Every structure is written in structure tokens, then in C-alpha cells.
Asker: 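My questions all concern the structure below.
First listed ligand is number 1; within each ligand, the first listed atom is number 1. Note that this is a predicted model, so its numbers are computed, not measured.
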Amino acid sequence: MRGSRLVFRCSACGGLNRMPASRVSEGPKCGRCGEPLGVHGAPVELDDAGLARLVARSPVPVLVDFWAPWCGPCKAVAPHLVALGQRHAGRLIVAKVNTDEHQRTAAALKVQAIPTLVIYKGGQVVKRQAEALMGAQLEGFVAPLLD
Ligand SMILES: [Zn+2]
């Protein structure tokens, strides 16, 4: 791992907070809105605009799960995404876009099947796979992109 500054997205205002790893255990608050900051890497539900804002500004990779409520494999992947986010909290942001409600980004990316997992880094799509990746496969998909 390079450096020790971690990045957490505030669930209240969407602000990105950078902090040294040493502060994580102190119950940090969002520097922008003052709400308590979630530091366990829980997946964040986003719409198209929210996703665009996040990937444009995030200094850490963003893994996006394009999913839908009726999709069985998506349900199977969900707990693995929670675990992944927790394992890499501060070094990766896990986001979910419900493609039944928010179709713009999925259409722009020509997403044909769900779940489709996409990784953004530096505002660009750097990796994608239309498959229900779990466990070690999911870890292997993400790991090379983490600092
Ligand atoms: Zn905030």
C-alpha cells in the first residue's frame, strides 16, 4: 500500500473525505457536513448523476455493480460486494446502480447483461466484466488496481 491516507464517501452529503489510517478508529465525521462518517466500505447506492460525480472526483478506484432487483445472480453477488468493500475500506469505493431505475450510465457503457461489474479509476473505465464474480475471483478482479 502506498501512503496511509484513506478515502471515505459520506453517505449523507456524498463528500469524499481523506484521512490517515490512524484516524479511522476515532469515529471520524464528514469534513463537509459534519455527519458521522461510515468507514466500513459499505456499498453505496447511486443514481447516474451521483455515480458521475463520484467517479470524476474519487482518488481511489470505484467498483460499480450494475444490477437489478429481479436478477438472481445479482443477489448472489451482493454479500461478496459488502465483504469486498469492508476488506478494502478506504482504498476502494463499492457502488451499486439499480439499472431498472437508472439506465443512462448502463446504456452509455452498452451494458448488455447484469450483473456487470465496472471499475473506474481516474474518472475512466479501466476494467469491466459481465459476470457474477464472487470470492477470490472478485478479489482478483479488483486487487491489481488497488494502491
Ligand atoms: Zn458529509
Asker: What pair of heavy atoms forms the shortest contact from P69 to D100, and how long is it?
Answerer: CD-OD2, 3.6 Å
Asker: Ignoring hydrogens and angles, write down the donor-acceptor pairs under 3.5 Å from the side chains of residues 126-134, residues two or more places apart or on other chains.
Answerer:
| unit_1 | atom_1 | unit_2 | atom_2 | d |
| --- | --- | --- | --- | --- |
| K127 | NZ | F141 | O | 2.7 |
| R128 | NH1 | L109 | O | 2.7 |
| R128 | NH2 | L109 | O | 3.1 |
| Q129 | NE2 | E131 | OE1 | 2.7 |

Asker: Using side chain to side chain donor-acceptor pair (under 3.5 Å) as the criterion, list what pairs up with T105, not counting sequence neighbours.
Answerer: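 If we apply the side chain to side chain donor-acceptor pair (under 3.5 Å) test to T105, skipping adjacent residues, the hits are D48.
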Asker: Identify every side-chain donor-acceptor pair in residues 37-45 under 3.5 Å, counting partners at least two apart or on other chains, and give the distances.
Answerer:
none

Asker: Please find the pair of heavy atoms, one from C74 and one from A68, that lie closest to each other, and give the distance.
Answerer: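 That closest heavy-atom pairing would be SG-N, 3.9 Å.
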Asker: Go through the side-chain N and O atoms of E139 and H88 and say whether any donor and acceptor fall under 3.5 Å apart.
Answerer: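 Yes.
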Asker: Give every protein N, O or S atom lying under 2.8 Å from the Zn ion (ligand 1), naming each by residue and atom.
Answerer: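 Sorted hits: C10 SG, C13 SG, C30 SG, C33 SG.
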